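Since this is a predicted model, take the numbers as computed values, not measurements.
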Amino acid sequence: MAQNWKMLVLMAVLLNAAKGIATSQCGEVSIESPVVVLGSSVTASCEIGDNCTFFDGQDIQIEWHLSDDLIPKSQYTNQSSRKSNLTIPCFNTTQGYLSCFVVLHGQAQLIDVIQITAGYPPSKPSDLNCKTNLTEPVTFSCTWNPGRETNLPTQFTLHKKDSWLSCTKSFGTVSIPCKEGHSCTILRKDFHLYHEMEISVTAHNALGNNTSESICLDSMDVVKLDPPIIVSVEASQDKCLKIEMEMRKPEWLPANKCSAKLRYKQAGDLQWTVEQPKKMGGGTLRQCGLFHGTEYQFQVQVTFGAGHWSEWSIEKTGCTHESAPSGKLDVWWKVRTGESERSTQVQLFWKPANQFRANGKNLLYTVFFQTSTGIRNPLCSTSELHCTFLQPEHVNSVYITASNTAGESVPTEVCLYKKRALESPVSISTSLSDDHSLWIQWEAPKSLPVTGYVIEWCVVSETLPCHISFTLVQHNCIKTLITENIEPFKCYKISVYPKYKDGFGLPVSVEAYSKQRAPSKVPKLKVEDIGGSYAELAWDSVPVDERNGFIRHYTIFYSDKEGKTGMRVVDAPEMRVTLENLKPSSEYKAFIMVSTDAGSLNGTVLTLSTTILDHWSFISTILPACIGLTLFLLITASACFIKHDNLKLNIWPMVPDPANSSICKWTPPSTQKMIPRLPDIKDLSTSNFSKVSVLDVSAKMPEEKDQKQIGKAEEAGSRSQGNSSGLGESIQDSVFYSSSDDMSPRAYQNTPRVEYSSVICNGYKGQQNPKHKYLRSDSTQPLLHDLSPSPNQCENIWFQAAKEEVSKACQDEEPGEKVRIASWDDFPLLRGLMINEEAEKDSAP
């Protein structure tokens, strides 16, 4: 910004010069110093010269600007039309441009500008330290602490004075400018070895100078050698290693005045063990007191006299002699049911205890049990830290040993308790420590006394196997830090088992992360169901290996084409949501965001379209109509069922049934007088006929006359297709006269002839004579097609008198079949018809 402002000022100056206004002739800005202390006051003045006639007779004003800002007039002093003084009480910028303007007719004209720089005077250099490098090229260099930043260009100068008598006397001062602000180097030609020197350094800038304290030294007292080279590390004696090294020094430098310092650590450890400096009797160092069969890393540094220590050498590794493993193992075991009910599968885990020493490489672990005679029966041998075996019957203890090429450790006993479902701890919780550790805290059981706890954990993964890690803690401990095999962004299942005197309790478990982050994967949305105003979405769970933390909730964002948005938050572990109040036949875009405690990740966009009518609308519209139609049909059917008789009459009118007519029981009054009173003689038997023939039943009728009468009756029966109402009329018009002696009929005049029916005993047209059937043949009324049952029996007393009469014509027509010839006394109605016929004949001319 300041540079831009400077360019603008310069352009303004050039523009004014082009107009003929010479700023150097019209006025100038004066200031005590262009470099000031940061935060101090600044005083400046702007004066328009007398030789500037451009503003003569003009009403002008002078105003000040600091870079881009107008300075308030309250800071102006001795203001006049030709001169103005300015006092800035606190100049708090490291660089600024102070400019003076003349305001004429509302326009500001630049008169002059000056740059002001602010900073601090140099601090006194401290911690002056020098060293001599004997490696070619030989140099003498010093370093110091320059102090605080000055914000101004600052130069440093190193001063060297040759001296003697502990620098009480000096001569030949040499000042060497330093290119860097905190170090400086003197070449070999400018100093002497084994010679005293007085050294100091001075810092100076525009605001002042400052010189450090002087130091007196001999150039050989500050020698710093190059790091040595470790040639080899070998095992020399029991628990000892010999280190061969090579020093990098001039040949003329005596080795007996050099000292060496050694540091070492076990392979894989982070902490170094530093030994005390040792005088070098040559190029060999020896380190004892180490563990057997253990690999160590070594580094060495050297010094000459009281000089500086060299840098540490490059690491070199060596291993001590092996011996038999010492100490015991920490053991943990779990039980699984074997293939058979009697077999028990045991998973045994172990790891070195704090006192255990492998004392070698390539350890072999052996698990066995002993018989009563002391014979070892091995169960498994492995170089891993776990094994699985079937527990032998009646064996409650097994042993484990570690061995190497030098020997075997003392056996560690493992008691296989049978009680493993005792009281569990009350609760468990976790807290964060760092990325590779977790704090575990639990509450002890309430009733049983605990002898210790087993903390077990393994990674929860769908792809990685569960490698169980464990640690043992004391009975009075309810909090511990686990650090083994803990990685960030992985889920661990942690369990606490209490140990009792005769068994183990049930565990309490918890899942935890040492560090969380946003998930690595987001599930895809799936449309489960969609309607006109809703959409049901579902998704799969995120795989455990890609969660990177505890998934707390899912957020579904959706929007339509008009830009209206919505969101739904679903708490885990729910994996389904229904978006409601959507518009029918509309397109929506939706995506899901998965969130853990440490971050979120968005998924891909899903496009979905709602339907015109959803299920609920369909049900609310169609279902009432269906219910109404069903009720209407039910009511109609019920009404038809209740009023079926009236409905039947309207659809199927009643047709008279001659078979059930009451005329069969009607007898004219004149006929009733001829009926003899025989109350005790009743023929209850029923005779069914297929054909009725009207015959003349006079005494001793010739055979030919019988045949003619039968034929005449058959012919009359075939012609009778007219209305049967004439039957009733003929009956009503007929009058019977009878006497006790003569039963012959007499008819009145004006009565038409009516053929009623024919009754015969044999079957019609050769058909079998159905028993107990009665057929009407000559009626013209519409009858039912099917055979109707015989009407109720008319108890005619004439049947008893005519039972013994048999027609000879029937006997001659069909031999072997008895034909009963009924008399007129058996059929009073037919008798009336016959009387009517005889009357017609008599009346004929």
Side-chain angles (χ1 to χ4, degrees), residues 460-463 489-491 511-513 515-643 647:
V460 179
S461 174
E462 297 175 354
T463 58
F489 318 126
K490 292 184 179 181
C491 181
E511 292 185 354
Y513 286 86
K515 186 178 182 180
Q516 300 187 52
R517 64 181 177 187
S520 303
K521 184 179 179 181
V522 178
K524 292 183 179 180
L525 286 175
K526 298 180 293 184
V527 179
E528 293 290 321
D529 188 16
I530 192 167
S533 61
Y534 73 95
E536 184 177 354
L537 305 179
W539 56 91
D540 297 328
S541 62
V542 181
V544 177
D545 298 317
E546 297 176 333
R547 293 177 184 172
N548 301 328
F550 293 113
I551 295 180
R552 299 303 183 186
H553 57 266
Y554 303 91
T555 305
I556 291 82
F557 299 90
Y558 59 95
S559 61
D560 56 11
K561 289 186 176 181
E562 298 177 357
K564 295 182 180 180
T565 61
M567 60 175 289
R568 287 289 305 276
V569 179
V570 180
D571 294 333
E574 184 68 27
M575 291 180 291
R576 184 180 299 270
V577 67
T578 300
L579 305 181
E580 299 176 343
N581 300 324
L582 303 181
K583 297 180 181 178
S585 187
S586 300
E587 184 178 285
Y588 287 84
K589 295 184 181 296
F591 68 92
I592 186 172
M593 181 179 71
V594 185
S595 302
T596 64
D597 292 336
S600 303
L601 184 65
N602 294 337
T604 56
V605 177
L606 172 68
T607 302
L608 52 95
S609 298
T610 55
T611 59
I612 298 177
L613 188 65
D614 57 19
H615 300 315
W616 293 110
S617 300
F618 178 81
I619 292 174
S620 62
T621 304
I622 302 301
L623 186 59
C626 294
I627 293 175
L629 180 60
T630 303
L631 292 176
F632 174 76
L633 294 176
L634 290 176
I635 293 172
T636 303
S638 300
C640 292
F641 180 78
I642 295 172
K643 302 293 184 179
L647 183 64

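In this view, Tyr554 and Trp539 satisfy the ring-ring contact (aromatic ring centres under 6.0 Å, His included) rule, not counting sequence neighbours. Annotation: salt bridge (Lys or Arg N to Asp or Glu O under 4.0 Å) contacts of Asp571 (sequence neighbours excluded): none. By the side chain to side chain contact (heavy atoms under 4.5 Å, CB included) test, Ile627 pairs with Leu623, Leu631, sequence neighbours left out. Partners of Ser595 under the side chain to side chain donor-acceptor pair (under 3.5 Å) rule, at least two apart in sequence or in another chain, are Ser600. A search for side chain to side chain donor-acceptor pair (under 3.5 Å) contacts involving Asn602 returns nothing, not counting sequence neighbours. A search for side chain to side chain donor-acceptor pair (under 3.5 Å) contacts involving Arg552 returns Asp597, not counting sequence neighbours. Lys515 is linked by a side chain to side chain donor-acceptor pair (under 3.5 Å) to nothing, counting only residues two or more places apart in sequence or in another chain. Listed by chain and residue number, Phe557 satisfy the ring-ring contact (aromatic ring centres under 6.0 Å, His included) test with Phe591 (two or more places apart in sequence, or in another chain). A search for salt bridge (Lys or Arg N to Asp or Glu O under 4.0 Å) contacts involving Lys526 returns Asp540, not counting sequence neighbours.
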*Take Asp529 and Tyr534 through the side chain to side chain contact (heavy atoms under 4.5 Å, CB included) test and state the conclusion after the steps.*
CA-CA 8 Å; Asp529 188 16; Tyr534 73 95; 3.0 Å; yes
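A donor-acceptor pair under 3.5 Å links the side-chain atoms of Thr596 to the main chain of Arg517, judged by distance alone.
Atoms CG and CG, on Leu525 and Leu608 in that order, are 9.0 Å from each other to the nearest 0.5 Å. The CG atom of Asp560 lies 10.0 Å from the OG1 atom of Thr610; values are rounded to the nearest 0.5 Å.
Contact between Ile530 and Ser609 at its shortest, heavy atoms only, is CD1-O, 2.9 Å. The heavy-atom pair separating Val522 from Gly603 by the smallest distance is CG1-CA, 3.5 Å. Across every non-hydrogen atom of Tyr513 and Lys490, the tightest pair is CD2-O, 3.2 Å. Listed here is the closest heavy atom pair of Ala590 and Leu537: CB-CD1, 4.5 Å.
Screening residues 572-589 for side chain to side chain donor-acceptor pair (under 3.5 Å), with sequence neighbours left out, gives Glu536-Arg576, Glu562-Lys583, Lys589-Thr607. Among residues at least two apart or in separate chains, there is no side chain to side chain donor-acceptor pair (under 3.5 Å) pair with a member in residues 626-638.
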All N/O donor-acceptor pairs, side-chain side in residues 543-550, below 3.5 Å, sequence neighbours left out:
unit_1	atom_1	unit_2	atom_2	d
Asp545	OD1	Ser461	OG	2.6
Asp545	OD2	Ser461	OG	3.2
Asp545	OD2	Glu462	N	3.4
Asp545	OD2	Thr463	N	3.4
Asp545	OD2	Thr463	OG1	2.9
Arg547	NE	Val542	O	2.7
Arg547	NH2	Val542	O	3.1
Asn548	ND2	Ala518	O	3.0
Asn548	ND2	Ser520	OG	2.6

